[in-house]
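What follows is a short report on a single structure.
The basis for the numbers below is simple: all heavy atoms, side chains too, and nothing from hydrogens, waters or symmetry mates. Chain naming here is simple, since letters A, B, ... match the order of the sequence lines and numbering starts at 1 in each.
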2 protein chains.
Amino acid sequence: MNSTDDNALQSAVPATAGGLAVPAAQARAGRMHGAAFSPLYRQIKALLVQSLDRGDWKPGEAIPSEMELATRFQVSQGTVRKAIDELAAEHLLLRRQGKGTFVATHHEARVRYRFLRLAPDQGVPQPAQSQVLSCGRIRSSAEIARALEIRTGEQVVAIRRVLSFAGKATVVDDIWLPGDVFRGLTTELLGSYRGPLYGLFETEFGVSMVRADEKLRAVTAGDEYATLLQIEPGTPLLQVERVSHTYGDRPMEVRRGHYLTEGYHYRNSLN
Amino acid sequence: MNSTDDNALQSAVPATAGGLAVPAAQARAGRMHGAAFSPLYRQIKALLVQSLDRGDWKPGEAIPSEMELATRFQVSQGTVRKAIDELAAEHLLLRRQGKGTFVATHHEARVRYRFLRLAPDQGVPQPAQSQVLSCGRIRSSAEIARALEIRTGEQVVAIRRVLSFAGKATVVDDIWLPGDVFRGLTTELLGSYRGPLYGLFETEFGVSMVRADEKLRAVTAGDEYATLLQIEPGTPLLQVERVSHTYGDRPMEVRRGHYLTEGYHYRNSLN
DNA sequence: AAGTGGTCTAGACCACGTT
DNA sequence: ACGTGGTCTAGACCACTTT
């Protein structure tokens, strides 16, 4: 792979990616002083995220080897490695020595409990049973629209479900998804699916959740939640508001959960 | 880099560190197959943590330059760099280009809000006022002892305080600390101190908190907390149980907080 | 100008898994 | 035996800060 050298990276990019504002050669040359300077490995990283976003490599699949990518982008293996290092640290990729580097997927025990923080006070986490109560299309409220970065009134999918552990109803989730992306999501599809919701999003809609922000509050159960969770009204519940993001940090889900924290807790680690 | 080769790392270690079980040369030579193999940079990392733990470099101070450490440990700069990279990722060290690498300290805005996750629903976080209600020595309960990895009945410092934001009491914290480490901690010392508690622990007791695990639950306020927070009994509160760790992952604090989440929330990020 | 961390390269070798 | 990621090295140069 010996191009005419200038813009080596750019020319190596698949045609669909279009032109880069700042070709890699520029960073290599060492220009740009007070400006937007971004090192080569970050440009490589951005290209890799683009490929993930485009679905060039699917969740669970291996991406090309470091050497392959290095020759493709006309950089050293070390530079590719540093790009992949960051993506692995962010859990977008998963390295397995001797085997390759794989696209992270929610169809794995490891990754599952990154997003389900409710754990039993004693014993090990048990898989939850999900019961979908409703799933329909509505016009988004201003609040949901803002969080999803769509226009107020645009169509969203609204889901309500109950999660149970060992037969005991523990979580009520209300979920909102952008309607145009999740076309064809129905109660039946949800009901027929085994495994985590984010796994379904991956395989059925090509949406990989990568990061989420949560806001937690303590509230008391009103009649509605009390009935759903079979508890007394006034029982304290942990309210969890979540906005989940896919590859380009694009918000793709809003979720409001109400957790019954009796015998369970929300675990967190401060680093 | 031509020493007499064997045990280059070990001989470079300050005398106080004593002998290493596995000298660096072993990793370099490439022995140890199914065994406990640990790469060179992790051994360097462990040595750096030892130095931090011994207080060779105090919070806020610069550690020696990468080149300096590389010659001291008889490894390449890249190996030292990788060790420091991990410590920086874990927030034990802080890199500042052109200036040096510094020991992380809680006397900084950046690091403060890593451990205080309560944020206002609108606006930017305001500094909290702390009012210490009590501070005394008691025998540890079995529960606290287990968390602090001390014997039941051993002396612990017990602190109760209230945090207020803009004059409104919002948090009640109960804190337990191992008595032998926090000798001389009194209500007066706590009262005379400005700034975060973990800053005081650093400067007065040489204890740097590095990581914490939390368990969150929703509870309702009893008469005690209701009085302290000037709210109605039965108001929902966010209960936060925290175990904080210092260098070497040694537990050094148990804390049970009760947060009033009206106008405030506990923010979290799932990566 | 000098010193620090940050990037990039090229090559050697090791550990792990598959063929 | 081969291909993958993982480690380690040595050297060049860049970006940032201070002298």
Report summary line: Taken to the nearest whole Å, CD/E66(A) to P/dG3(D) is 15 Å
Report summary line: M67(A) CE to dA10(C) P, in whole Å, measures 10 Å
Query raised in the report: According to a strict under-4.0 Å criterion, is R96(A) in side-chain N/O contact with OP1 or OP2 of dT4(D)?
Result: no
Query raised in the report: Is a donor on one side and an acceptor on the other found under 3.5 Å between the side chain of H107(A) and the backbone of G199(A)?
Result: yes
Report summary line: From CD of E86(A) across to C1' of dC8(C) the rounded distance in Å is 15 Å
Query raised in the report: Using a cut-off of less than 4.0 Å, is there contact between a side-chain N or O of K82(A) and OP1 or OP2 of dT7(C)?
Result: yes
**Report entry** Check ion pair D213(A)-R211(A) (N to O, under 4.0 angstrom)
**Finding:** yes
Query raised in the report: Taking only N and O in the side chain of K99(B), is any of them less than 4.0 Å away from OP1 or OP2 of dT18(D)?
Result: yes
Query raised in the report: Does T79(B) make a side-chain N or O approach to OP1 or OP2 of dT9(D) shorter than 4.0 Å?
Result: yes
**Report entry** Between P of dT7(C) and CD of Q77(A), the distance in whole Å
**Finding:** 18 Å
Query raised in the report: F201(A) vs F205(A) aromatic rings, parallel, tilted or perpendicular, using cut-offs 30° and 60°?
Result: perpendicular
Report task. Among dG5(D), dT9(D), dG5(C), find the nucleotide with the atom closest to the side chain of L40(B). Result -> dT9(D)
Query raised in the report: Is the backbone of K45(B) close enough, under 3.5 Å, to the side chain of E86(B) for a donor and an acceptor to pair up by distance?
Result: no
Query raised in the report: Taking the side chain from T101(A) and the backbone from L94(A), do they hold a donor-acceptor pair closer than 3.5 Å?
Result: no
Report summary line: Testing dT7(C), dT9(C), dT7(D) for proximity to the side chain of P39(B), the answer is dT7(D)
Query - Distance test, side-chain N/O of S65(B) to OP1/OP2 of dT4(C), below 4.0 Å - result: yes
**Report entry** d(OH, Y41(B); P, dG6(D)) in whole Å
**Finding:** 9 Å
**Report entry** Nearest-Å distance for atom pair CG/C1', residues D85(A) and dG5(D)
**Finding:** 10 Å
Query - Whole-Å distance separating the CG atom of L93(A) from the C1' atom of dT4(D) - result: 15 Å
Report task. Check whether any side-chain N or O of S76(A) sits under 4.0 Å from OP1 or OP2 of dC8(C), and answer yes or no. Result -> no
Query - Nearest-Å distance for atom pair NZ/P, residues K45(B) and dT7(D) - result: 11 Å
